[in-house]
Chemist: 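Here it is, the structure, as structure tokens.
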Amino acid sequence: MVHRSAREGAQEVRVSASETRVALVTGASRGIGRAIALRLARDGRHVVLASRSEGPLKDLAATITEAGGSASVVALDVGDAEALRAGVEGVIEKHGRLDIVVNNAGITRDNLSLRMTDDEFTEVIRVNLTSAFVTARTAARAMMRNKFGRIVCIGSTSGVVGNAGQANYAAAKAGLAGLCKSLARELGGKGITANVIAPGFIETDMTAALPAEIKDKVVQAMAIKRLGQGEDIAAAVSYVSSDDAGFLTGQVICVDGGLTMA
Ligand code: NDP
């Protein structure tokens, strides 16, 4: 039997007083991104809230600050690669660091493939996939300096199992898996992880317009008989972006109430 010294034991139970980590969350103005931002603020992160609409971001920053958390706002369009790069660089310059990025901003332009226009396809790729690459590439330089980073992309079960009417969206979300696995291999030696959290059906503005019959069918197909909430996704993001998750990388984690079990 190996006996551990009292000092070794004390180190294992020592409460970490680590510095405040800075987290950028895109698409934080509503829905899943808002829930992620609130959760990361609760986890003690300084949260940089990004989306196109400044008003809701400022309201959210005020909510976080009033609750004792720390947040700031950067209004940008993630579909504009140059504005996005400049925005991320601005965050790094202001805070001197960027530890966590959550690429959550996303859109749908659903249509059956035979009717889908080139614009519908490329716009979804640009907003949902290219933006994640631009953010990760810009942030990785700052993360490498600190030998710590957590890149989290919000994918979708559509990207794992496909979905009729979503060839553009499923391709973009599957692309995030390839992006994160490659980033994981390139950056793992520098203490940087990259993972996809793939939600199933979550109640937000994005899914609000779907008819009740479709929602009922989805619930019937799930192991856990309820639609997901933003907080369900935020809890998973909280873990994969934590210091504790340093051995978890290159994964696509479906948080879908057992809808796909892919
Ligand atoms: P919402 O439509 O409710 O919110 C989308 C968010 O993205 C908003 O904050 C919006 O802010 C932001 N956004 C959209 N386009 C841009 C842009 N060009 N630049 C900056 N921000 C942008 O969506 P959800 O919360 O439902 O979805 C969040 C993520 O989760 C998306 O990536 C989505 O694909 C994914 N997902 C959602 C599922 C669901 O069931 N809801 C299932 C699987 C995945 P603003 O308009 O202010 O710019």
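Because only heavy atoms are used, hydrogens play no part in the values below, and waters and symmetry mates are left out as well, while side chains stay in. Both counts, for ligands and for their atoms, begin at 1 and track the order of listing.
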Chemist: Identify the closest protein heavy atom to atom 19 (N) of ligand 1: which residue and atom is it, and at what distance?
Modeler: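 So the nearest neighbour among protein heavy atoms is Val78 N, 2.9 Å.
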Chemist: Given side chains that start at C-beta, do those of Leu227 and Lys215 come closer than 4.5 Å, heavy atoms only?
Modeler: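 In short, these two side chains touch, coming nearer than 4.5 Å.
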Chemist: Could you tell me whether Glu203 approaches ligand 1 through its side chain, its backbone, both or neither, with non-hydrogen atoms closer than 4.0 Å?
Modeler: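 The answer is neither.
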Chemist: Looking at side-chain heavy atoms only, is the closest gap between Val25 and Val47 below 4.5 Å?
Modeler: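 Sidechains of Val47 and Val25: in contact.
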Chemist: Looking only at protein heavy atoms, identify the closest one to atom 15 (N) of ligand 1 and say how far it is in Å.
Modeler: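 Nearest neighbour among protein heavy atoms for atom 15 (N) of ligand 1, to 0.1 Å: Arg52 NH2, 3.3 Å.
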Chemist: Under 3.5 Å, N or O to N or O, is Asn104 touching ligand 1 that way?
Modeler: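 Asn104 vs ligand 1: N/O contact under 3.5 Å present.
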Chemist: Is the shortest side-chain N to carboxylate O distance from Arg150 to Asp99 below 4.0 Å?
Modeler: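 Looking at Arg150 and Asp99, the cut-off is not met.
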Chemist: So is there a nitrogen or oxygen of Thr207 less than 3.5 Å from a nitrogen or oxygen in ligand 1?
Modeler: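 Looking only at distances, the answer is no, because the N/O contact criterion of under 3.5 Å is not met.
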Chemist: Run the contact test for Lys173 against ligand 1 with a 4.0 Å cut-off on heavy atoms, strictly below, and give the result.
Modeler: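 Within the 4.0 Å threshold, so yes.
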Chemist: Identify the closest protein heavy atom to atom 1 (P) of ligand 1: which residue and atom is it, and at what distance?
Modeler: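 Protein heavy atom with the smallest distance to atom 1 (P) of ligand 1: Arg30 NE, 3.8 Å.
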Chemist: Are Arg226 and Val219 packed together at the side-chain level, in the sense that at least one heavy-atom pair is separated by less than 4.5 angstrom?
Modeler: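 A side-chain contact under 4.5 Å is absent here.
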Chemist: Does a side-chain heavy-atom distance below 4.5 Å link Ile92 with Arg97?
Modeler: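 In short, these two side chains do not touch, never coming nearer than 4.5 Å.
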Chemist: Which heavy atom of the protein is the closest neighbour of atom 5 (C) of ligand 1, given with residue, atom name and distance?
Modeler: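 Residue, atom and distance for the closest contact: Gly106 O, 3.9 Å.
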Chemist: Counting only heavy atoms not in Met206, do more than 12 fall under 6.0 Å of its CE?
Modeler: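 Counting other residues, nucleotides and ligands, CE of Met206 exceeds 12 neighbours.
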Chemist: Say whether Thr26 and ligand 1 are in contact under the criterion: heavy-atom distance to a ligand atom below 4.0 Å.
Modeler: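 Outside the 4.0 Å threshold, so no.
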Chemist: Is the shortest side-chain heavy-atom distance between Phe201 and Leu210 below 4.5 Å?
Modeler: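 Yes; the side chains approach each other to less than 4.5 Å.
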Chemist: To check your reading of the model: name the closest protein heavy atom to atom 26 (O) of ligand 1, its residue, and the distance in Å.
Modeler: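 Among all protein heavy atoms, the one nearest atom 26 (O) of ligand 1 is Thr204 OG1, 2.5 Å.
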Chemist: Give me the nearest non-hydrogen protein atom to atom 9 (O) of ligand 1 as residue plus atom name, then the distance to 0.1 Å.
Modeler: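 So the nearest neighbour among protein heavy atoms is Ser29 OG, 2.7 Å.
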Chemist: Could you tell me which atoms of ligand 1, counted from 1 in the order shown, lie closer than 4.0 angstrom to a heavy atom of Asp77?
Modeler: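 Those qualifying, in numeric order: 17 (C), 18 (N), 19 (N).
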Chemist: Going by heavy atoms, is Gly155 under 4.0 Å from ligand 1?
Modeler: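 It does, in that a heavy atom of Gly155 comes within the 4.0 Å cut-off of ligand 1.
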Chemist: Do ligand 1 and Gly33 have nitrogen or oxygen atoms that lie under 3.5 Å from each other?
Modeler: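 The answer is no, given that Gly33 and ligand 1 share no N or O pair closer than 3.5 Å.
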Chemist: For atom 40 (O) of ligand 1, which protein heavy atom lies nearest, and how many Å away is it?
Modeler: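 Closest protein heavy atom to atom 40 (O) of ligand 1: Ile202 N, 2.8 Å.
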Chemist: Is there a nitrogen or oxygen of Pro199 sitting under 3.5 Å from a nitrogen or oxygen of ligand 1?
Modeler: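 It does not: no N or O of Pro199 is found under 3.5 Å from an N or O of ligand 1.
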Chemist: With atoms numbered from 1 as shown, which atoms in ligand 1 lie under 4.0 angstrom from a non-hydrogen atom of Ser53?
Modeler: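 What qualifies from ligand 1 is 45 (P), 47 (O).
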Chemist: For Ile107, counting its heavy atoms only, list the atoms of ligand 1 lying under 4.0 Å from any of them.
Modeler: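 Matching atoms, with element in brackets: 14 (C), 15 (N).
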Chemist: Can you check whether Ile154 reaches Val237 side chain to side chain, under 4.5 Å on heavy atoms?
Modeler: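 Side-chain contact under 4.5 Å: yes.
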Chemist: Can you check whether Ser241 reaches Leu40 side chain to side chain, under 4.5 Å on heavy atoms?
Modeler: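 Yes; the side chains approach each other to less than 4.5 Å.
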Chemist: For ligand 1, which part of Asp205 has a heavy atom less than 4.0 Å away: the side chain, the backbone, both, or neither?
Modeler: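 Both parts.
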Chemist: Can you tell me if Arg137 has over 12 outside heavy atoms packed within less than 6.0 Å of its CZ?
Modeler: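 Correct, the count exceeds 12.
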Chemist: Give the atoms of ligand 1, by number and element, whose distance to some non-hydrogen atom of Gly31 is under 4.0 Å.
Modeler: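 Counting atoms of ligand 1 from 1, those under 4.0 Å from Gly31 are 25 (O).
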Chemist: Given Asn111 and Glu120, is the side chain to side chain donor-acceptor pair (under 3.5 Å) satisfied, shown in steps?
Modeler: CA-CA 8 Å; Asn111 212 341; Glu120 284 168 340; 3.2 Å; yes
Chemist: How about Leu183 and Thr193: do any of their side-chain heavy atoms sit closer than 4.5 Å?
Modeler: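 A side-chain contact is absent here, since even the closest heavy-atom pair is not under 4.5 Å.
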Chemist: May I ask you to say whether Arg109 pairs ionically with Glu123, meaning some side-chain N is under 4.0 Å from a carboxylate O?
Modeler: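 Salt bridge present between Arg109 and Glu123.
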Chemist: In terms of atom number and element, which parts of ligand 1 are under 4.0 angstrom from non-hydrogen atoms of Phe201?
Modeler: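 Here the atoms of ligand 1 in question are 40 (O).
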Chemist: Return the closest protein heavy atom for atom 42 (C) of ligand 1 as residue, atom name and distance.
Modeler: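 Sorting protein heavy atoms by distance from atom 42 (C) of ligand 1 puts Gly200 O, 2.8 Å first.
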Chemist: With heavy atoms only and a cut-off of under 4.0 Å, state how Ile32 meets ligand 1: side chain, backbone, both or neither.
Modeler: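 Both backbone and side chain.
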Chemist: Is there a polar contact between ligand 1 and Tyr169, counting only N or O atoms under 3.5 Å apart?
Modeler: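 Among all N and O atoms of Tyr169, at least one is under 3.5 Å from an N or O of ligand 1.
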Chemist: Surrounding NZ of Lys147 (heavy atoms of other residues, nucleotides or ligands, distance under 6.0 Å), is the total greater than 12?
Modeler: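 Counting other residues, nucleotides and ligands, NZ of Lys147 stays at 12 neighbours or fewer.
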Chemist: Can you tell whether the side chains of Arg85 and Glu89 come within less than 4.0 Å, N to carboxylate O?
Modeler: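 Yes, charged N to carboxylate O under 4.0 Å.
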Chemist: Under 4.0 Å, heavy-atom basis, I'd like to know which part of Leu76 is in contact with ligand 1: side chain, backbone, both or neither.
Modeler: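 Contact part for Leu76 vs ligand 1: backbone (N, CA, C, O).
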Chemist: Pick, from Ala208, Ala105, Ser158, the option with the minimum heavy-atom distance to atom 13 (N) of ligand 1.
Modeler: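 Among Ala208, Ala105, Ser158, the closest heavy atom to atom 13 (N) of ligand 1 belongs to Ala105.
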